[in-house]
Number of protein chains: 2
Amino acid sequence: MGKKTRKTVEHQTPLVEGTCPMPDIAQLIGGKWKLIILQILIFQGMKRFGQLKRQIDGITQTMLTTQLRALEKDGLVERKAYPEVPPRVEYTATRKAKDLEEMFHAMHAWWLRNE
Amino acid sequence: MGKKTRKTVEHQTPLVEGTCPMPDIAQLIGGKWKLIILQILIFQGMKRFGQLKRQIDGITQTMLTTQLRALEKDGLVERKAYPEVPPRVEYTATRKAKDLEEMFHAMHAWWLRNE
DNA sequence: AATGTTAGTATCTTTTTTGATACTATATAC
DNA sequence: GTATATAGTATCAAAAAAGATACTAACATT
């Protein structure tokens, strides 16, 4: 009775102010790189793959690709590939991602207060 | 000339509005459980260990202890143990943690907008 | 004397994330 | 004809996070 296909979302306290399904959010923007990538695309606008790679210190090709694919799948990043040689691919923050601006500002403010 | 004991913080784009060292923040509040724990302690006030355990679906003793210890170490949670038997331990969100309220609200608003 | 209670610790295993390396296509420049 | 540039993919290895299980202390209750 009741298989648990998705453990995460169904038991979170739903009625308290400020509450939302954190595991789900963590899936979307968690991990080591996603916040960095989003921050760049949101606040600096479109970037090419190579630009991102150069700007994000320490990230590997593999990781950057993986993370961008995940963000794209979740509707946070738009990928536009041009059929040129050598290839050109542009990444942009979607509207949904840009809506995170406020959260980034809150994080930033918090960071400054407690640095 | 600057050994890199902490790789994370030193190469982030520092001048853009809304920017802060994401890897460091991810360390503080990332992972599968920390946001959930913080959310409860911030918005519902003090909780005993067992209360947290019962409230957080699927968490194990081990994980809860680990995460609480990490949060305590980072000054986000205060731990108060009473020398009774059976033991009683109370956890509270610190001021620093409560300052995250704004961020939680921003997350929540974002989630609602894009659910 | 056995049982229940709370908040753990100590190990060990599994799963998930992250990293390293080598490889590809193809137009253009040299 | 060789090298260069870009944005990848395909593997494999390592490290980190999470999970499972068993164990503990010490008093109170039955």
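Side chains are part of it too, since the values below use all heavy atoms of this structure and drop only hydrogens, waters and symmetry mates. Lettering of chains follows the sequences in order, A, B, ..., and the numbering in each one begins at 1.
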Exercise. In terms of the angle between their ring planes, are A:Tyr91 and A:Phe49 parallel, tilted or perpendicular, with boundaries placed at 30° and 60°?
Worked result: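 Taking A:Phe49 first and then A:Tyr91, their aromatic rings sit tilted (interplane angle of 30° to 60°).
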[X]: side chain to side chain contact (heavy atoms under 4.5 Å, CB included) partners, not counting sequence neighbours:
X       : result
A:Ala81 : A:Arg79, A:Val89
A:Ala26 : none
B:Gln51 : B:Met46, B:Lys47, B:Arg48, B:Arg54

Starting at [atom1] of [X] and ending at [atom2] of [N], how long is that distance when rounded to a whole Å?
X       : N      : atom1 : atom2 : answer
A:Glu84 : D:dT4  : CD    : C1'   : 17 Å
B:Tyr82 : C:dA7  : OH    : P     : 12 Å
A:Lys47 : D:dA7  : NZ    : C1'   : 17 Å
A:Lys53 : D:dA5  : NZ    : P     : 13 Å
B:Glu90 : C:dA7  : CD    : P     : 9 Å
B:Gln61 : C:dT11 : CD    : C1'   : 15 Å
B:Phe49 : C:dA7  : CZ    : P     : 7 Å
A:Arg88 : D:dT6  : CZ    : C1'   : 11 Å

Problem set entry | All salt bridge (Lys or Arg N to Asp or Glu O under 4.0 Å) counterparts of B:Glu90, not counting sequence neighbours |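 Residues passing salt bridge (Lys or Arg N to Asp or Glu O under 4.0 Å) with B:Glu90: B:Arg88.
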For this session: May I have the step-by-step check of side chain to side chain contact (heavy atoms under 4.5 Å, CB included) for A:Thr92 and A:Lys80, ending in yes or no?
Result: CA-CA 8 Å; A:Thr92 328; A:Lys80 201 173 291 178; 5.9 Å; no
Contacts under 3.5 Å, N or O only, protein and nucleotides 12-19 of chain C:
{"residue": "C:dT18", "atom": "OP1", "partner": "A:Lys32", "partner atom": "N", "Å": "3.0"}
{"residue": "C:dG19", "atom": "OP1", "partner": "A:Lys32", "partner atom": "NZ", "Å": "2.5"}
{"residue": "C:dG19", "atom": "OP2", "partner": "A:Trp33", "partner atom": "NE1", "Å": "3.2"}

Exercise. Which part of the nucleic acid, if any, lies within reach of B:Arg79 when heavy atoms closer than 4.0 Å are counted: base, sugar-phosphate only, or nothing?
Worked result: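 The residue B:Arg79 makes sugar-phosphate contact but no base contact.
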Problem set entry | Sugar-phosphate only, base, or nothing, as touched by A:Tyr91 at under 4.0 Å among non-hydrogen atoms |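 Answer is sugar-phosphate: A:Tyr91 comes under 4.0 Å of backbone atoms only.
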Problem set entry | Minimum heavy-atom distance between B:Ile29 and B:Lys34, given as atom pair plus value |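 Between these two residues, the closest heavy atoms are O-CB, 3.8 Å.
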Just distance, no hydrogens or angles: give the donor-acceptor pairs under 3.5 Å from side chains in residues 58-76 of chain A, sequence neighbours left out.
{"residue": "A:Thr60", "atom": "OG1", "partner": "A:Met63", "partner atom": "N", "Å": "3.2"}
{"residue": "A:Thr65", "atom": "OG1", "partner": "A:Gln61", "partner atom": "O", "Å": "3.0"}
{"residue": "A:Thr66", "atom": "OG1", "partner": "A:Thr62", "partner atom": "O", "Å": "2.6"}

Exercise. What's the closest nucleotide to the B:Arg48 side chain, out of D:dA7, C:dT6, C:dT9?
Worked result: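 The nucleotide sitting nearest to the side chain is C:dT6.
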Exercise. Taking only N and O in the side chain of B:Arg69, is any of them less than 4.0 Å away from OP1 or OP2 of C:dT9?
Worked result: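 Answer is yes, contact under 4.0 Å.
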Exercise. More than 12 foreign heavy atoms under 6.0 Å from CD of B:Glu102: is that the case here?
Worked result: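 12 or below, so no.
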For this session: Quick one, give me the B/S/- string for nucleotides 25-30 of chain D, reading 5' to 3', where B means a protein heavy atom under 4.0 Å from the base and S means that only happens at the primed atoms, P, OP1 or OP2.
Result: -BS---
